[in-house]
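Letters A, B, ... mirror the listed sequences (proteins, then strands); counts begin at 1. Keep in mind that the numbers below use all heavy atoms, side chains included, and drop hydrogens, waters and symmetry copies.
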Protein chains: 2
Amino acid sequence: MFAEYAIISVMKEKTIKTLADIAKMANVSQSTVSRALRNNPLVSQKTRDFVQQLAQEHNFSVNATASKLRTQKTHTIAVIVMFDQNTEQSISDPFLMKLLGTIADELTKFGYDMLLTTTKTATGDWNNYYFESRRADGLIIVGQGEHDPRIEALASNNVPFVVWGTEFANKNYTTIGSDNRKGGYLAVKHLIDKGCKNIAFMGDIEHNELEQRWLGYQDACAEAGLELEPTLRLKTDLTSNDGYLQIKNYLEGKHPKIDGIFAVSDTIALGVMKYLHEQKVAIPEEIAIIGFDDIAMSAFSSPSLTTVRQNTTTAGELLVSKVLKKIENKPIESKLLEVELIVRQSSEQT
Amino acid sequence: MFAEYAIISVMKEKTIKTLADIAKMANVSQSTVSRALRNNPLVSQKTRDFVQQLAQEHNFSVNATASKLRTQKTHTIAVIVMFDQNTEQSISDPFLMKLLGTIADELTKFGYDMLLTTTKTATGDWNNYYFESRRADGLIIVGQGEHDPRIEALASNNVPFVVWGTEFANKNYTTIGSDNRKGGYLAVKHLIDKGCKNIAFMGDIEHNELEQRWLGYQDACAEAGLELEPTLRLKTDLTSNDGYLQIKNYLEGKHPKIDGIFAVSDTIALGVMKYLHEQKVAIPEEIAIIGFDDIAMSAFSSPSLTTVRQNTTTAGELLVSKVLKKIENKPIESKLLEVELIVRQSSEQT
DNA sequence: GGCACCTTTGCAAACGATTGCAATATTTTT
DNA sequence: AAAAATATTGCAATCGTTTGCAAAGGTGCC
């Protein structure tokens, strides 16, 4: 008997699920409830308080789906994380994750939800899946990627979106990204200042951002009057593992001597250091090394890793604020973010 | 003139946005279009093909919001990542990120979208925000957390959800988690086997999962007849930074000597190793060290880090499959996952 | 040809909120 | 005290799908 009562009471509670239910209880119209819950000044303070309290008591939440349908706004941003299909670089790439975290925080700050997808699994047609189908009001695309036709498709479909990456000459969309060329320049100039003469570049210049860092490398070399030695560029995926392998291959083979390494990411650099350790190569005395990103780990390696810091906080803030502006149809511009050289032990003898 | 035509044509294209539009073009009813696009066998193959092609040509996607409203299913799972408010442990915690990646992949495999939130910014009322308001069909909660009242609230509200973490005695919800106690046991037993007699435990046993690892520590000690020395437990946050600081404090102060360290996470362990390096303490000769998680970096530290691997892949798969089952109202059970000892240099003299 | 029986299609009612406009209550002004 | 102005409320249409049910179109059988 008691059990039955309990069930009935639960069921009753479960039926209170729509504005209309609350309206009936409050003896006002549905519209009034709707307005009251949104704090619309059209309804008197008294009714507002009353309705809000009633809703709270009954644990009522407005159905977001219905609201979205009616208002034609989802208050959701789809964040697409692109990864290279071939490498093992996974969603755990520390730099991207940090960025993702900032974006998440920033979006919630503006009352937006975040729909997350990784490219590996995403459908090919972002425009249709996310925008046309009204799953999201806008898109943020991150990931150190190569030129992706899907992005072009978005641009031509008039979807509000911003990209984390490099600015292109003939871009027709908005890009937020670090000043990679300057970063590369700073890194290599630093090594040169420390006396390095033969500096390896480790990274894959097929990626647009990394190509910029390569250009920065060249800038610094040119400035110092160092000649460009093509064999010093080692194509390397963005993983510690590949960093380890590539430097191993290089040093084991018959190649020009090197006294410095610019790795395009800290993860690569840490892999490289692993190998150098194994081979008892002194860092930085024999080979100095510098990374890129300033991931959390870099301060805790031994020796700690000199690197070029990307400003993830500003990055996240800008990505979000720009895409929201774009949604409001305001004009937005691409932006290059400053980078900062962080000198640690891997390039500086103590 | 030409420009005007162009604009008009664009506008025209933009008006094709609903089933009704397609229906008109195809000269069939809305219902037929709806069925055709979902490949419903009720409509003839011919019409299906025709309508589908028409839709594709016009770049039409069904409005997901309307569909959700009508079907009362969102095909979305909210993933809530909890972080300790006090520590700096951020969304970039490598282990959680790895887990998140698996969850993301797994969800898309089942055609579900993933709504991501971090606790720091999330509203307090998960039930209302995500479930009652129909933003998601179910929830997955991850994060090495302390006992959280919000989880209890979910359970009593009959929301479909699963938690990554520890199973409790009086749990009334489903939990997927590693066998932390066994992991702790394996770790410490390993150190003991290697000859360690005074093993520090670094972690915060306020966290349920970590408490289990602490119990495992005790199991191993008891088995080996080692007496439990309370001062050997160093309360440490899940960051490299705190690992560094805590071991520094300990070793600088007047404390019992130690010859082994069990850190509850690899990030802590890496911070610890940093300090030991600085102090020229030989690893593992003077102090052996073992971590937990097996994050990517652990294989690339010097020395490489012995650790207890958590199976993120299975974890992600289970979390997803269980929550989906729960949504279908099928009964689900908690599950403890096997862990694996990964022996590397930090505990094994070469 | 008439009848029963499948296939295919279309009608129209939901799903649950929001909102322009009209209607009613309340206050202010004269 | 009536008129005008303002503050509150409610009506009803709408957002774009999905789906039970009824209707129409086809086929085969006697």
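Under 4.0 Å is where a charged nitrogen must lie from a carboxylate oxygen, and between Lys109(B) and Glu106(B) at least one such pair does.
Residue Thr18(B) places none of its side-chain N or O atoms closer than 4.0 Å to OP1 or OP2 of dG16(D). Taking side-chain N and O atoms only, Ser34(A) has a distance below 4.0 Å to OP1 or OP2 of dT18(C). Within the 4.0 Å cut-off from OP1 or OP2 of dG16(D), not a single side-chain nitrogen or oxygen of Ser67(B) is found. Taking 4.0 angstrom as the limit, Thr71(A) places none of its side-chain polar atoms (N or O) nearer than this to OP1 or OP2 of dT18(C). Under 4.0 angstrom from either OP1 or OP2 of dG16(C) there lies at least one side-chain N or O belonging to Gln72(B). Within the structure, a side-chain polar atom (N or O) of Ser44(A) is placed less than 4.0 Å from OP1 or OP2 of dT9(D).
For the pair Arg38(A) and Pro41(B), both in contact range of DNA chain C, the more 5′-proximal nearest nucleotide belongs to Pro41(B). Toward the 5' end of DNA chain D, the nearer of the two residues Val62(B) and Thr47(A), judged by each one's closest nucleotide, is Thr47(A).
A straight line from CG of Leu42(B) to P of dA24(D) spans 18 Å, rounded to a whole angstrom. Atom P of nucleotide dG16(D) and atom CZ of Arg135(A) are separated by 16 Å, given to the nearest angstrom. Atom CG of Leu69(B) and atom C1' of dG16(C) are 6 Å apart (whole Å). Look at CD on Gln30(A): it is 17 Å from P on dC15(D), rounded to the nearest Å. Rounded to an integer number of Å, the gap from Leu19(A) CG to dA14(C) C1' is 16 Å. One can place CG of Leu37(A) at 13 Å from P of dT19(C), the figure rounded to the nearest angstrom. What separates CG of Asn40(B) from P of dG10(C) is a distance of 14 Å, to the nearest Å. Atom NZ of Lys24(B) and atom C1' of dG10(C) are 15 Å apart (whole Å).
A donor-acceptor pair under 3.5 Å links the side-chain atoms of Thr71(B) to the main chain of Ser67(B), judged by distance alone. Here the side chain of Thr102(A) pairs no donor or acceptor atom with the backbone of Gly316(A) at under 3.5 angstrom. Judged by distance alone, with hydrogens and angles left aside, the side-chain atoms of Asp113(B) form no donor-acceptor pair with the main-chain N or O of Thr76(B) at under 3.5 Å. A distance-only check finds no donor-acceptor pair linking the side chain of Asn157(B) to the backbone of Val159(B) [under 3.5 Å]. Side chain of Thr118(B) to backbone of Val81(B): no donor-acceptor contact under 3.5 angstrom is found.
Residue-to-nucleotide contacts include a donor-acceptor pair under 3.5 Å from the side chain of Arg35(B) to the base of dG20(D).
Here Thr65(A) lies out of heavy-atom contact (under 4.0 Å) with every strand. Arg134(A) comes within contact range of no nucleotide atom at all, as no heavy-atom separation falls under 4.0 Å. Contacts of Ser31(A) with the nucleic acid, taken as non-hydrogen atoms under 4.0 Å apart, include base atoms.
Proximity note for Phe60(B) (side chain, C-beta onward) versus dT18(C), dT17(D), dG10(C): the nearest is dT17(D). Comparing dG16(C), dG16(D), dG10(C) by their nearest atom to the side chain of Ala66(B) picks out dG16(D).
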